[in-house]
Amino acid sequence: MSKVFVGMPAHAPAGVGALHASESFPAAARTALADTQLRRNLGAATTTIRAKREAVVGELADWEQLRLAGQAIKAATMARLDEHLIRLEEEVTKRGGVVHWARDAAEANRIVTGLIQATGADEVIKVKSMVTQEIGLNEALAEAGIAAWETDLAELIVQLGHDKPSHILVPAIHRNRAEIREIFLREMPGVEASLADEPQELAMAARAHLRRKFLTAKVAVSGANFAIAETGTLVVVESEGNGRMCLTLPDTLITVMGIEKVIPSWTDLEVFLQLLPRSSTGERMNPYTSMWAGITEGDGPQEFHLVLLDNGRTAVLADEVGREALHCIRCSACLNVCPVYERTGGHAYGSVYPGPIGAVLTPLLTGVLENPSLPYASTLCGACFDACPVRIDIPSILVHLRARSTEQTRKPPSAEAIAMTLASWVMSSPRLFGWAGRAMRAGRLLARRGRIRRLPPPLSAWTAARDAPSPPRQTFRQWWRHRDGGTP
Amino acid sequence: MTARDEVLARIRYALSAPADPVDPPRDYRRTGEHAPGAPQLLQLLTERLTDYKATVHSATPQTLGSVLATALHGTHRVVVPPGLPEEWMPASAVVDDGDLSYADLDTVDAVLTACVAAAADTGTIVLDAAADQGRRAITLIPDRHVCVVRAAQVVQSVPELLTRADPRRPLTFISGPSATSDIELQRVEGVHGPRNLIVVILND
C-alpha cells in the first residue's frame with residue numbers, strides 16, 4: 001500500500017472489517033461449488049426472487065424512466081458530495097442530532113464504542129446494516145465488552161450460526177429451512193424440540209426470542225438507506241418491524257452511514273422508494289419504512305448520533321470510471337441474476353459485498369491489489385447492468401479494474417501469456433503451423449469418449465475447470481487435400 | 001486536521017474536475033390518472049393491501065361504529081392516540097398520554113389510529129405521529145393495528161404520497177403487516193411489528 005497523505009483520497013485499510021478476502025475467488029469458489037446443498041439452496045432462492053422482481057417491475061410502464069432518473073440523481077449527488085454532506089450535517093444538528101465523521105473503519109468503531117460506553121450500556125440492538133458489517137463493528141464492540149444483538153431474521157440466523165453473511169439482502173440465503181431450524185434448536189434458549197421447519201414457525205420463534213430485548217434495550221445501532229440533505233431526514237427500509245423497534249424504542253440511536261448514501265432532496269426519494277423495493281424483495285413496497293430528522297420530543301430516541309464514514313469511498317470517487325459503483329442502493333438484484341453468484345454463493349467473494357456489485361465495489365474500496373481476483377469473478381454477460389435499478393455499468397467497471405490489476409501487478413509472464421506468445425510464433429509460419437497441427441493429434445491418446453478430462457502440466461490449468469475436446473483425426477489441411485485431390 | 005475536514009478535503013481532491021450539475025430527468029409518472037379519493041383508487045388500495053395480507057373494510061360515517069367494532073372484535077384494551085376523533089373512540093379505549101410504558105403497551109390488545117395519507121399503487125399508509133396517530137411506539141408494540149384511512153387521503157402514486165408527508169416529522173410508511181422473506185426468499189407475514197393490520201377506508 002502506498003503512503004497516505006492528509007487530504008488525499010485513501011483506500012479502506014486492511015486489518016479491520018470485512019472487505020479483505022483471505023483467499024482468491026477461484027480458490028474460495030472451488031469449495032463452494034463442491035457443496036451441492038449450497039447450490040440447491042441458492043438456485044431455489046434466486047429463481048424465486050427473479051420471478052417476483054420481474055412481475056413487479058413489469059407493473060410499472062415508466063421503469064426505464066425511473067432508472068434513468070435514479071442514475072442521474074446519484075451522479076448529480078456525487079458531483080457535489082461535499083456540499084450535500086455539509087447541508088445534511090447542518091440540518092441534523094439543527095434538529096438535535098450530533099454528527100461525527102470517520103476517516104476509516106477503525107475510527108468509526110472507536111466513535112461508536114465511545115458513544116455506547118458513555119450511556120453506560122453493555123449491550124445494543126442492531127438493525128441489519130451493511131456498513132457496520134463492512135467495518136467489523138460487532139467484533140470491535142465485543143472487544144470492548146459490549147454485546148451486539150442482530151435483530152433482522154437473516155442476520156440473526158447468521159449470528160446464531162457463527163456464520164458469515166452471503167447476500168446483501170438475505171445474508172442467510174445459503175441456509176434452507178431445515179438448517180435454520182437446526183441452528184435455532186441449538187442456539188436459541190427456550191426453543192421447543194417440536195419446532196417445525198416452516199418459515200412461519202421459524203419467524204415466530206425469532207419474535208419470541210427478541211421481544212424482551214426490544215422492549216428493554218437502551219441503545220440501538222443502525223445503518224441508513226438514504227439521508228436527505230435538505231431536511232436532515234434519515235431513511236431505513238425494512239420488512240419485519242425489527243427496524244422500527246430499534247429506531248423507536250431505545251433512548252439512544254447511533255446511525256452509521258457511508259458518505260455516498262446522501263441524496264439532495266425529499267423529491268429525490270420518490271424515485272428510490274419505487275426502485276428499491278421492487279428490485280430488492282420483489283415487492284411493490286416493503287412493509288415498513290421509517291424516517292426521522294434529528295430528535296422529536298416525546299417520540300423515539302432522545303439522543304441521536306450520525307456517523308459519516310469514508311473508509312475508501314473517496315478513493316472510489318477519485319476513480320472516474322469506478323465512481324459509479326458508489327451509486328449502489330444495495331438492492332441485490334445483480335446478485336440474483338448473476339450466473340456466477342448463483343453457483344458460488346456470496347462467501348466465495350470474501351467480502352461483505354458479494355456478487356457483481358461486490359466484484360467492483362470491494363476492489364475499488366480496498367485498492368485492486370488487495371482483491372486482485374474479484375474483477376475476474378464474472379463472465380461479463382451484462383445481466384447485472386440490465387437488473388441494476390440505478391444503471392451501474394458493472395461490466396465496464398470490471399473490465400476497467402482488470403486492466404488496472406494487470407498494470408499494477410508486475411509478475412513474471414503467466415502460463416497463458418507464454419502460450420499466447422508461442423501460438424503467435426507458430427501461427428506466423430505456415431510450415432510450423434502444419435507441423436503443430438499434426439503434432440496435436442497425439443492428444444487423441446488422452447481422450448476418452450471425445451473429451452480430454454486432464455492434460456499434463458502446465459496445460460492442466462486449463463483442464464482443472466473444463467474438459468478439452470479430443471483433437472480431430474485429421475487436420476484441416478489434410479482433409480482439404482483429400483477432399484477432391486487437392487485442387488481448389 | 002479533523003476527520004471532518006479531512007474527509008471533505010479528500011472529496012474535493014477526488015472531484016478535482018467536477019462535472020457540471022445536470023438536472024435529473026423527471027419524465028417518470030408523477031401523478032396518477034385518478035384524483036385523490038376516486039373510487040378506482042379505493043378499489044386498487046383495497047386490492048394491494050389484501051394482496052399483502054392486510055384486512056380491509058370500507059365504511060361510511062353511518063357504518064363506521066359497527067365496522068370498528070368488528071375490527072376490534074375480541075379486544076379488551078385498545079390504546080388510542082390523544083387526538084383520535086371522539087366519534088371513533090371505542091368503549092375500551094386507553095388514551096395514550098405519553099406515560100404508558102413499553103411493557104404496558106405490550107399488554108394492550110390493539111391500537112386504533114388515523115393516518116396522514118395512503119398510496120393505492122403500492123398499498124402504502126403513512127403515519128406522521130400527529131395527534132390522531134400518536135407517538136410511534138403505540139402503533140408498533142400492540143399486535144393488532146386498526147387504521148382508519150379517509151377516502152380523500154388516498155392518492156395513486158408514490159410521488160403524490162411524498163408530497164403529503166412532512167420529512168421533518170417522524171414518519172412510518174406501512175405496506176401490509178410485518179413480514180419477512182429471509183427464509184428461502186419466501187414471504188411470510190408476521191414477525192416483530194403488528195401481525196394484524198386492519199385498514200378501514202372511510203368514505204366521508
Side-chain angles (χ1 to χ4, degrees), chain A residues 6-9 44-45 48-49 62 65-66 68-69 72-73 76 79-82 101-103 107 153-154 170 176-177 180 199-200 202-203 207 215 228 231 233 239-242 244-245 248-249 266 269-270 273-274 281 284-285 287-293 296 298-300 310 314 317-318, chain B residues 1-4 6-15 18-19 21-22 24-30 48 52 98 102-103 106 121-124 129 135-137 140-141 158-159 162 167-186 188 190-194:
Chain A
V6 172
M8 289 278 279
T48 308
I49 193 70
D62 58 347
Q65 285 91 321
L66 284 167
L68 286 162
I73 292 168
R80 294 280 184 274
L81 187 58
D82 52 338
W101 299 70
R103 297 172 184 92
E107 189 168 26
L153 179 54
V170 194
N176 66 21
R177 57 186 76 190
I180 294 166
Q200 185 75 49
L202 296 169
R207 177 184 168 102
L215 299 183
I228 297 155
T231 58
T233 309
S239 295
E240 296 166 15
N242 64 306
R244 292 177 71 190
M245 292 277 178
T248 311
L249 302 184
W266 175 241
L269 189 66
E270 70 189 23
L273 275 192
Q274 296 188 74
T281 47
R284 295 182 192 100
M285 190 65 88
Y288 299 133
T289 299
S290 295
M291 307 188 198
W292 71 99
T296 307
D299 188 346
D310 179 352
T314 49
L317 192 64
Chain B
M1 209 179 207
T2 64
R4 176 185 190 276
E6 185 161 355
V7 172
L8 289 172
R10 289 174 178 184
I11 293 171
R12 286 168 192 145
Y13 184 94
L15 294 173
V22 184
R26 305 228 182 242
D27 50 359
Y28 51 88
R29 179 168 148 278
R30 302 192 73 196
R48 295 299 198 227
Y52 285 160
Y102 299 151
D106 203 24
D121 273 350
T122 55
T124 305
R135 59 186 169 126
R136 286 172 288 171
L140 175 59
I141 300 175
V158 170
L162 291 200
R168 292 163 191 88
R169 301 184 62 85
L171 298 175
T172 308
F173 284 45
I174 298 175
S175 310
S178 149
T180 183
S181 303
D182 279 355
I183 299 171
E184 300 177 10
L185 279 167
Q186 285 186 12
V188 295
V191 199
H192 302 294

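Chain A is the first sequence line, chain B the second, and so forth, proteins listed ahead of strands; every chain is numbered from 1. Everything numeric in this text was worked out from a predicted model, so none of it was measured.
- Looking only at heavy-atom pairs under 4.5 Å with chain A, the residue among B/G176, B/G123, B/A179 that has the most is B/A179.
- With a 4.5 Å cut-off on non-hydrogen atoms, B/S181 touches chain A through its backbone and its side chain both.
- With values rounded to the nearest 0.5 angstrom, B/R135 atom CZ is found 13.0 Å from A/T296 atom OG1.
- Between A/L81 and B/L15, the closest heavy-atom pair is N-CD1, 4.2 Å.
- With chain A as the partner, the residue from B/R26, B/R29, B/M1 showing the most heavy-atom pairs under 4.5 Å is B/R26.
- Contact tally against chain B (heavy-atom pairs below 4.5 Å) for A/P199, A/A44, A/S290: the top residue is A/P199.
- With contacts defined as side-chain heavy-atom distances shorter than 4.5 Å, the pair A/Q274/B/D121 does not qualify.
- In terms of heavy-atom pairs under 4.5 Å with chain A, the best-connected choice from B/A137, B/P159, B/A9 is B/P159.
- Only the side chain of B/Q186 comes within contact range of chain A, with at least one heavy atom under 4.5 Å from a heavy atom of that chain.
- Note that the CG atom of B/L171 and the OG1 atom of A/T233 stand 7.5 Å from one another [nearest 0.5 Å].
- A donor-acceptor pair under 3.5 Å is absent between the side-chain atoms of A/D82 and the main chain of B/L8, judged by distance alone.
- Interface check for chain B: of the options A/P287, A/G300, A/A318, the most heavy-atom pairs under 4.5 Å are formed by A/P287.
- Put simply, the side chain of A/R284 reaches to within 4.5 Å of the side chain of B/Y52, judged on heavy atoms.
- Atom CZ of B/R168 and atom OG1 of A/T231 lie 6.0 Å apart (nearest 0.5 Å).
- With a 4.5 Å cut-off on non-hydrogen atoms, A/A203 touches chain B through its backbone and its side chain both.
- Contact between A/M291 and B/F173 at its shortest, heavy atoms only, is CE-CE1, 3.4 Å.
- B/I141 places a side-chain heavy atom less than 4.5 Å from the side chain of A/L249.
- Atoms CZ and CG, from B/R30 and A/D62 in turn, are 11.5 Å apart once rounded to the nearest 0.5 Å.
- Residue B/P177 touches chain A through its backbone alone, counting heavy-atom pairs closer than 4.5 Å.
- Proximity of A/Q200 to B/I183: side-chain heavy atoms (C-beta onward) are nowhere separated by under 4.5 Å.
- Without hydrogens or angle criteria, B/D182 side chain to A/A154 main chain gives a donor-acceptor distance under 3.5 Å.
- Taking all atoms of both residues into account, the shortest heavy-atom contact from A/M285 to B/S175 is CG-OG, 3.2 Å.
- The parts of B/R136 that come within reach of chain A are both its backbone and its side chain, each placing non-hydrogen atoms under 4.5 angstrom from that chain.
- Counting heavy-atom pairs closer than 4.5 Å to chain A, the top-ranked of the candidates B/A129, B/G190, B/G98, B/A103 is B/G190.
- Proximity of B/R10 to A/R103: side-chain heavy atoms (C-beta onward) are separated by under 4.5 Å at one or more points.
- A 4.5 Å side-chain heavy-atom check between B/E6 and A/D310 finds every atom pair outside the cut-off.
- Side chain of A/R207 to backbone of B/G193: a donor-acceptor contact under 3.5 angstrom is found.
- Between the B/S178 side chain and the A/E240 main chain, a donor and an acceptor come within less than 3.5 Å of each other.
- Ranked by heavy-atom pairs under 4.5 Å with chain B, the first of A/G298, A/S239, A/G241 is A/S239.
- Scanning both residues, A/A72 and B/P25, for their nearest heavy atoms gives CB-CD, 3.5 Å.
- Heavy atoms only, all atoms of each residue included: A/A69 and B/P24 are closest at O-CB, 4.3 Å.
- With a 4.5 Å cut-off on non-hydrogen atoms, A/T248 touches chain B through its backbone and its side chain both.
- Counting heavy atoms from C-beta outward, B/V191 and A/N242 have side chains that stay 4.5 Å or more apart.
- Counting heavy-atom pairs closer than 4.5 Å to chain A, the top residue among B/T122, B/T124, B/L140, B/T2 is B/L140.
- Here the closest heavy-atom approach between residue B/Y13 and residue A/G7 is recorded as CB-O, 3.9 Å.
- Atoms CD and CG, on A/E270 and B/L162 in that order, are 6.0 Å from each other to the nearest 0.5 Å.
- Counting only heavy atoms from C-beta outward, the side chains of A/R244 and B/I174 approach each other to under 4.5 Å.
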